[in-house]
Every structure is written in structure tokens, then in C-alpha cells.
Protein chains: 2
Amino acid sequence: MDPSSLSEDALATPAPRRQAMVPEATVARLPIYLRALHVLADDGQTTVSSEALAEVAGVNSAKLRKDLSHLGSYGTRGVGYDVAHLIEQVSAELGLLRHCSVVLVGVGNLGRALAGYGGFASRGLAIDALLDADRNRVGEQIAGLTVRHIDELCDVVSKGSIGVIATPAQAAQQVCDRLVAAGVTSILNFAPTVLSVPPGVDLRKVDLSLELQILSFHEHRKAALAQGAPV
Amino acid sequence: MDPSSLSEDALATPAPRRQAMVPEATVARLPIYLRALHVLADDGQTTVSSEALAEVAGVNSAKLRKDLSHLGSYGTRGVGYDVAHLIEQVSAELGLLRHCSVVLVGVGNLGRALAGYGGFASRGLAIDALLDADRNRVGEQIAGLTVRHIDELCDVVSKGSIGVIATPAQAAQQVCDRLVAAGVTSILNFAPTVLSVPPGVDLRKVDLSLELQILSFHEHRKAALAQGAPV
DNA sequence: CTGACTTTGTGCGCGCGTTCACAAGCGCGT
DNA sequence: ACGCGCTTGTGAACGCGCGCACAAAGTCAG
Ligand SMILES: NC(=O)c1ccc[n+]([C@@H]2O[C@H](COP(=O)([O-])OP(=O)(O)OC[C@H]3O[C@@H](n4cnc5c(N)ncnc54)[C@H](O)[C@@H]3O)[C@@H](O)[C@H]2O)c1
Ligand SMILES: NC(=O)c1ccc[n+]([C@@H]2O[C@H](COP(=O)([O-])OP(=O)(O)OC[C@H]3O[C@@H](n4cnc5c(N)ncnc54)[C@H](O)[C@@H]3O)[C@@H](O)[C@H]2O)c1
């Protein structure tokens, strides 16, 4: 499992009243299932078995079934799952039905790429604000949005907004603090720094160097094995 | 743990001869430790305790010590770890000492951002080839590199190269296959698709939509709790 | 040299996630 | 109407990783 992010507040309710608690590992796979389902739907399939869906999603079929059972989505024994209904179910669980607004801070190399990316909007997520500290960049038009100054943060944050940090590492903690102060409780960080957030705020990170270094490790290990253990 | 990637070949050696096998979860943290160590080194610190390093890295100190013990790196009891020596150790373990070449396929929005990013080169990783299928883009100069055509893949791949896929999802599997055919055994995929690779090839993925959707889930859940459970 | 303090390295229990394997359930052909 | 085969949902076992807590080991003062 990817332990990079954790939600410390998930256990806040001592009594799991009626809403089933979905394991974090399952949540991390729901988007994958959703994408697989869209592929199948575009392909014209109306029902799908756990085996077939698991194949497309690249996971074990038993895992898939257990995951889906967590969100109470019932398939039909002997038949499988209704694709359209399951898309609805998973989308609802992920909160994608009511459009989730995304606020992007830092319109540099990476921020520009993110802003111009159409893959988010197609699935209920839309970047609807670009912020930067550089006065020269403020006012610039990118992908139909106008870059605004970071000081206007409070004006663009609405309830339930997700913050994305694409600033240099040096400024990341400061930007993070401002996002939290503005009421943002979900943050995605691209800067290669460890950020600290108060309880109740979800923080995830994407670290490209880290991924490459992990691959480098395995590559290095393979080379060592190939040279030292071919026997 | 981040279960998104797994190395199926790690168990290839039935007898763990002398090289300790490092748990995947530990490998995933080594880059974080390395970055923390560089911060401390730049700050002038020569030695550091597990407690202090864990603080900077944002992890439990016991976990840090256990991780470091896996790679045989010995600290000094009562003192701590020698920063410079530990940087050397971790870098060696990650295979960063011999410069690892990175081949980037797909020079679009995202590929351009990656190519222009200086954060890789600073730590032993350098993108040294840009490839694209679009003839209009071939020949273009980006960050000191010339974009070459994908057909020249075999010419730019050297032993131990890491492949990065930044093409549309539609082309990802094809590009992946060509990378594997060219001898690449470590691949980082940015396209939102499940790729299949033969055994012995390490595949990791970075999925930005997925991260946002996970945050969306938690945000959605928070909203539901705030509305339904304030008693 | 001794004793007290500091810090590493690790044994152990706990909880989560994954997987197998199977019973329960549903549709369909006869 | 009725079983036959297919698929779901889940009980249970296994393995991994995390974190506490402590003994071993080294440093430093006197
Ligand atoms: N470019 C990549 O491909 C890449 C890859 C991996 C990681 N990253 C990380 O992503 C982050 C951004 O990378 P980049 O290449 O876009 O950097 P960049 O320098 O091109 O852009 C950074 C942007 O952030 C803005 N900024 C700086 N301080 C700010 C503040 N306090 N508030 C608001 N905006 C501020 C700057 O004006 C600039 O526009 C960096 O942390 C980098 O390490 C980038
Ligand atoms: N831009 C982003 O911020 C972002 C965010 C998340 C995910 N992604 C994913 O990253 C990938 C790239 O995104 P992008 O915005 O850069 O897309 P893009 O369309 O801007 O660039 C894609 C590039 O790949 C090249 N290409 C296409 N087919 C190819 C092939 N067979 N061989 C070699 N090159 C080929 C194209 O010529 C183009 O230059 C996509 O899969 C996208 O879903 C991008």
C-alpha cells in the first residue's frame, strides 16, 4: 500500500454509525476502477464480471469484489455488475458528482502543464483558479483562466476546494499554511518537501524524483545481481 | 505502504546470499532520507541523531533506524549518524553514484515541464534523451536537448536506462512495449492507463487524477460528516 | 577508571491488507 | 418447475510493516 498519505481524522467517529468505513487502500483503487469502467462503457459493455473488470484494472478479482462490497454496491450473482450503475456508485463515493473545485498555486513549468491538462475536467474535477506570487505572471491567461495573485486566495477558495501546490520547495510550507488558513482541508503537494498540516487536513504528495530514485534502486540491484550472481 | 508498484523479481534469489534484501517500504523512504540529509548537510551539520533526522524526514525515529539498519549503515551509539557518510551510503544503495540516464518519451505539456526541471540532475538523475512521434517536434531544442524521433529509441537507450512515458494514454502501451524491446527494465508511466510489462521489468506510475480523486473522496466524506453527524 | 547519560539497533506484538477458497444466490435452459 | 452453472460476497489464514520499549554500546565528565 502507498502509505504516503494518511487520514488521521478517519477514526474521529467512535461509533461507525451507518456509513461503512472504507479502507484507505480501497479508496486508492476506486479511481482505477472508475477509469476501467469508463473504458468498458465507451466500449459498449453494459455488464461486467469482477474477473473481467479486475483484468482491465490490473488487480486481483477477489480484491476488487471486496473493495466494491465496502461501498455496498451490489452486483448480481451469476451475472456481474451493471457498468453504468457502478460508475454512478463509485463516482458518488468519490464525491465527483458535485463538481470539485481545484485551486492551483504556482504557475511555473509544472503548474502550466497541470493547468492545460484536460484529463481532470473530464471526470468531475476542474481547476478553477490559478494563483502565483510573481506579479509578472498575474493577469496572464492560461487555458481560459486568468492568473491571480496569491493574496486573493480567500476570494477563490470555496467550501470543499482542493489545493494544489506547484511552487518551489522553499515556498511550499508557507503556501500550505495560507491554504489551510483559507479553509482548504485537502492539499496535493508537488514540491519535494515534507509539509506539516494541522489535524483534519488531508495531505498527499507527488514526488517525481522519488519515483525515479526507486526505479534507480531496482535498476542498480538488477545490475549487481547480473554481475555477481549469474553462476 | 504504497502498493502501487511491486518488484516481482526481488525473490529471484532463493538464498539471500550476503546482500541484505531491503524491504520495498524502506526503499520508498530512502529518497526522503536522502533529501533530508542534504538539507542538514547544507545547513552545516556533520552528525545527526535518528530523532532529529526523523523529524526532518517526517517519519517515526524507530522506523528510520530500522530502515537504515537494513542497508548495514552503522551509526555511532551515543552520537548519531555522520551526515556525509550517510549521504554516501544511501546514494550508493539507490544507485545514484553512477549517473543514471533517463529517456523521456512524449514531449507534450507534461514532458516539456519534466525536461526543463532541474531537480533531477541535482541528485544523480539526468534526462539525456527526449523522444516523440510528432515529426513537427523532432529537432526542437528543449533544455539543451534535441528532440529525436521515437524510431531512434534503440540508439539512445544504454544499459540501465530508465524510461519515462509522457504520451497520451492511447499510445502508452505501445511506447512501453518499444521501451522493453529496446532493453529498458525500469519504466515510469504518467499516462492514466494500466500497462502490462513482462517479468523482470519494474513499472511505476504517477497518476495525478488519482491523487485528486482520493482527496475528493476525503473532502466528500468530511462534508458528509459535518452535515450528518454534528449530533 | 568509573559511572551516568545518550543514542543506536532490534525483539515483539498488533493491525491492515491481500489472497485463497467456498458457500450463498441468481439466471437460464430444459 | 427445477436443477445446473456461473458469479458474487465473505470467512479465515497468511504475511508485511509499523511502532513501542528495552538492552547493548558508545561517549563524556570528573
Ligand atoms: N517541473 C517539473 O517537471 C517538476 C518535476 C518534479 C517536481 N517539481 C516541483 O514542482 C514545483 C514547481 O516546479 P516548477 O518547475 O513549476 O517551478 P517554477 O520555478 O517553474 O515555478 C514555480 C512557480 O511558483 C511561483 N511561486 C514562488 N513562490 C510562490 C509563493 N510563495 N506563492 C505563490 N507562488 C509562488 C513562482 O512565481 C513560479 O511561477 C517545484 O517544487 C519542483 O521541485 C517540478
Ligand atoms: N499535462 C498534465 O499536466 C498531465 C497531468 C496528468 C496526466 N497527464 C498525462 O500525461 C500524458 C501526457 O500529457 P500531456 O499533457 O503532455 O499530453 P500532450 O498531448 O501535450 O503530449 C503528448 C506527446 O506525446 C507524443 N506522442 C503521441 N504518441 C506518441 C508515440 N506513439 N510515441 C511517442 N510520442 C508520442 C505527442 O506527439 C505529444 O508530443 C498523458 O497521458 C496525460 O494523460 C498529463
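To find a chain, count down the sequence lines: A is the first, B the second, and so on, and within it residues start at 1. Side-chain atoms are counted along with the backbone in the values below, which use heavy atoms only and exclude waters and symmetry mates.
- B/K63 places its NZ atom 17 Å from the C1' atom of D/dA21, with the value rounded to the nearest Å.
- A straight line from NE2 of B/H70 to P of D/dC18 spans 9 Å, rounded to a whole angstrom.
- Taking B/S49 as the reference, nothing meets the side-chain hydrogen bond (donor to acceptor under 3.5 Å, both in side chains) condition, with sequence neighbours excluded.
- Put simply, CE on B/M21 is 9 Å from C1' on D/dC16, counting in whole angstrom units.
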Could you list, one pair per line, each protein nitrogen or oxygen that sits under 3.5 Å from a nitrogen or oxygen of nucleotides 9-13 of chain C, together with the distance?
| from | atom 1 | to | atom 2 | distance (Å) |
| --- | --- | --- | --- | --- |
| C/dG9 | OP1 | B/G75 | N | 2.9 |
| C/dG9 | OP2 | B/Y81 | OH | 2.5 |
| C/dG9 | O4' | B/R77 | NH2 | 3.3 |
| C/dG9 | N7 | B/R65 | NE | 2.8 |
| C/dG9 | O6 | B/R65 | NH2 | 3.1 |
| C/dG11 | O6 | B/K66 | NZ | 3.1 |

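- Atom P of nucleotide C/dT19 and atom CZ of A/R29 are separated by 9 Å, given to the nearest angstrom.
- The side-chain hydrogen bond (donor to acceptor under 3.5 Å, both in side chains) search around B/Q89 returns none, not counting sequence neighbours.
- When the P atom of D/dC16 is taken as reference, atom CG of B/D67 falls 16 Å away, rounded to whole Å.
- At least one side-chain nitrogen or oxygen of B/S50 sits closer than 4.0 Å to the OP1 or OP2 atom of C/dT8.
- In terms of the salt bridge (charged side-chain N to carboxylate O under 4.0 Å, His left out) criterion, A/D82 has no residue partners (sequence neighbours excluded).
- Every residue two or more places apart in sequence or in another chain was checked for a salt bridge (charged side-chain N to carboxylate O under 4.0 Å, His left out) with B/R65, and none qualifies.
- Every residue meeting the side-chain contact (heavy atoms from CB on, under 4.5 Å) condition with A/L110, not counting sequence neighbours, appears here in chain and number order: A/L114, A/F190, B/L110.
- To the nearest angstrom, P of D/dG19 lies 12 Å from CG of B/L64.
- Applying the salt bridge (charged side-chain N to carboxylate O under 4.0 Å, His left out) test to B/D207 and every residue at least two apart in sequence or in another chain returns A/R35.
- Between A/S91 atom OG and B/Q213 atom CD the span is 8.0 Å, to the nearest 0.5 Å.
- With rounding to whole Å, B/L53 atom CG is found 13 Å from C/dT7 atom C1'.
- Ion pairing of A/R221 with B/E93 is present here, as a side-chain N (NZ or NE/NH1/NH2) and a carboxylate O approach within less than 4.0 Å.
- Residues satisfying the ring-ring contact (aromatic ring centres under 6.0 Å, His included) criterion with B/F120, sequence neighbours excluded, are B/Y117.
- For the segment residues 38-46 of chain A, no residue has any heavy atom less than 4.0 angstrom from an atom of DNA chain D.
- Contact annotation: B/N60 side-chain N/O to D/dG17 OP1/OP2 distance is not under 4.0 Å.
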